[in-house]
Amino acid sequence: MNIKNIHYNKVEPLLNSCRCVKKKRERSVYCNDQYYYKIWVKNWTQGDITKFAVDNGFYDEVTSPALQSLIYDESGQRGYIMAKGVNLNSQNNHRDWTDIVRQTSKKERYNFFLYLIEKSLLVSGLYLDLASSNIVSYNNKLSLIDLESYGSFNFVFNGKKEWYEKFDLNAWWKPLDTARRDLDLFYKDYLSQCLGINYNKTINSPEDIKNILNELKKLKICSNAF
């Protein structure tokens, strides 16, 4: 996957002709007919996460085919550019996968999640915000968005940050509690609603990720739904 690195000075003039669709504390999202531009303030404590997850191969042509470019300046990472995909979630309900199930095949959902779990085990990191609103369709492929929602196994399972996770563990938004809660809720939602797998154990260790992989492989062998 060829991800370009573009200086913020080249992106900034384009934003004047774009529509700002979201602004939240340290980050803003702009769009035109072709692209979304996610822009961060300088020296944002989560600014290195996306680039690290690109560099280690977690974000690639399967997990996030809509990703086009990373944006940087002298202060560090400033955001990224994604091609416009198709919003599959008309309800804007983060935990309701009904629309996506209706518009995709079980095989498509299975292969996407299987690859995501295998990649997580390979790089010892996870996509932590697997809400239905954070997946779009791009060129008839599922694609993750909100790419700063990546976390290391060490952070999520041990409460110990890696170098690129520069946020304060005691921050008001409770990074560790939030990450663990979302991982458990969203992954179980996907398993249940998209694949018909009920995983009843709390997801709180790499062993659980391996167990989920085993459940997925069983489904591939036993199911006639594909």
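When reading the values below, keep in mind they use all heavy atoms of this one structure, side chains included, and skip hydrogens, waters and symmetry mates.
Classification of the Trp40-Trp44 ring pair by plane angle, with boundaries at 30° and 60°, yields tilted. Phe52 and Tyr150 have tilted rings, their planes meeting at an angle from 30° to 60° on a 0 to 90° scale.
Judged purely by atom type and a 3.5 angstrom limit, Ser64 uses its side chain to pair as donor or acceptor with the backbone of Leu144. Between the Glu165 side chain and the Glu162 main chain, a donor and an acceptor come within less than 3.5 Å of each other. Side chain of Thr50 to backbone of Gly79: no donor-acceptor contact under 3.5 angstrom is found. Judged purely by atom type and a 3.5 angstrom limit, Ser120 uses its side chain to pair as donor or acceptor with the backbone of Gly125. Panel note: side chain Gln193, backbone Trp97; a donor-acceptor pair is recorded below 3.5 Å. Proximity of a side-chain donor or acceptor of Arg109 to a complementary backbone N or O of Thr104 within less than 3.5 Å is detected. Between the side chain of Lys84 and the main chain of Asn32, a donor-acceptor pair closer than 3.5 Å is present.
A side-chain donor-acceptor contact under 3.5 Å links Asp73 and Ser75. Side-chain contact of Asn89 with Ser133: a donor-acceptor pair under 3.5 Å is absent, judged by distance alone. Defined by atom type and a distance below 3.5 Å, a donor-acceptor pair is missing between the side-chain atoms of Tyr187 and Asp182. Judged by distance alone, the side chains of Glu148 and Tyr80 do bring a donor and an acceptor atom under 3.5 Å apart.
Residues Arg102 and Asp99 are paired through a salt bridge, judged by an N-O separation under 4.0 Å between the basic side chain and the carboxylate. Under the 4.0 Å criterion applied to side-chain N and carboxylate O atoms, Lys51 and Asp55 are assigned as salt-bridge partners. Ionic pairing of Lys188 and Asp184 is present here: one or more N-O contacts between side-chain nitrogen and carboxylate oxygen are shorter than 4.0 angstrom. Asp48 has a carboxylate O that lies under 4.0 Å from a charged side-chain N of Lys166, or vice versa, which qualifies the two as a salt bridge.
Taking the centre and axis of the six-membered ring of Phe155, the NZ or CZ atom of Lys160 falls outside the cone set by 45° and 6.0 Å. Within the cation-pi definition used here (under 6.0 Å to the ring centroid, within 45° of the axis), Arg78 qualifies as a partner of Tyr8.
Contact detail for Ser152 and Tyr164: the closest heavy-atom pair is CB-OH, 3.2 Å. Taking all atoms of both residues into account, the shortest heavy-atom contact from Trp173 to Thr178 is O-OG1, 2.8 Å. Residues Ser69 and Ile6 come closest through the heavy atom pair OG-CD1, 3.5 Å.
In this structure, the salt bridge (charged side-chain N to carboxylate O under 4.0 Å, His left out) partners of Asp189, at least two apart in sequence or on a different chain, are Arg95.
Annotation for Lys161: atom NZ counts as buried by contact number, over 12 foreign heavy atoms lying within 6.0 Å.
Ring to ring, Tyr36 and Tyr30 are not that close: their centroids are 6.0 angstrom or more apart.
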